[in-house]
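These notes concern the structure reproduced below.
Sequential numbering from 1 along the given sequence is applied to the chain's residues.
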Amino acid sequence: MGDSSSSSSSSPASYIHLVQHLIEKCLIFHMTKEECMEALSKHANINPIVTSTVWNELEKENKEFFEPYYMKWKGKDERMSEEETTEIIQKMISESDSSKDAKDH
């Protein structure tokens, strides 16, 4: 570990924290795991395997949240349009970049 030429904002822990933050935003918009994986891959260039792994860890650590979350949406077919998804993800990314810039100063 130690010093490296890359900034601390590009550390694996920081990246995972970013993915977790974006997943939490997806949850606010009632997206499924698959929708979240697709959206983060397409709009934030995050490997779906990374999204899936972080999502699975969140499920393990937050069973009391995910059980009712899945029950609420089971059987419903309310999906956002591609345009709505794009707009939400772009806003999430710009907000994330803004907060990262504020922390760096």
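To the nearest 0.5 Å, atoms SG (Cys26) and CD (Glu38) are separated by 11.0 Å. Atom CD of Gln20 is separated from atom NZ of Lys25 by 13.0 Å, given to the nearest 0.5 angstrom. Taken from CD1 in Ile23 to CE in Met37, the straight-line distance is 9.5 Å, to the nearest 0.5 Å.
Scanning all heavy atoms of the two residues, the minimum distance from Asn45 to Tyr15 falls at O-OH, 4.4 Å. The minimum heavy-atom distance linking Thr32 with Trp55 is given by the pair C-CH2, 3.8 Å. When every heavy atom of His30 is checked against every heavy atom of Glu35, the shortest pair comes out as O-OE1, 4.2 Å. Here the shortest heavy-atom pairing between Lys63 and Lys60 reads CG-O, 3.9 Å.
Atom CD of Glu64 sits in a crowded spot, with more than 12 heavy atoms from other residues, nucleotides or ligands closer than 6.0 Å.
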Per-pair distances, 0.1 Å, donor-acceptor, side chain in residues 46-54, under 3.5 Å, sequence neighbours excluded:
residue	atom	partner	partner atom	Å
Asn47	OD1	Ile49	N	2.8
Ser52	OG	Lys33	NZ	3.4
Thr53	OG1	Ile49	O	2.8

| field | Working for side chain to side chain contact (heavy atoms under 4.5 Å, CB included), residues Cys36 and Leu40 | value | CA-CA 6 Å; Cys36 184; Leu40 296 187; 3.9 Å; yes
| request: Could you please spell out the steps behind the side chain to side chain contact (heavy atoms under 4.5 Å, CB included) verdict for Phe65 and Leu58? | output: CA-CA 10 Å; Phe65 169 81; Leu58 287 170; over 6 Å; no
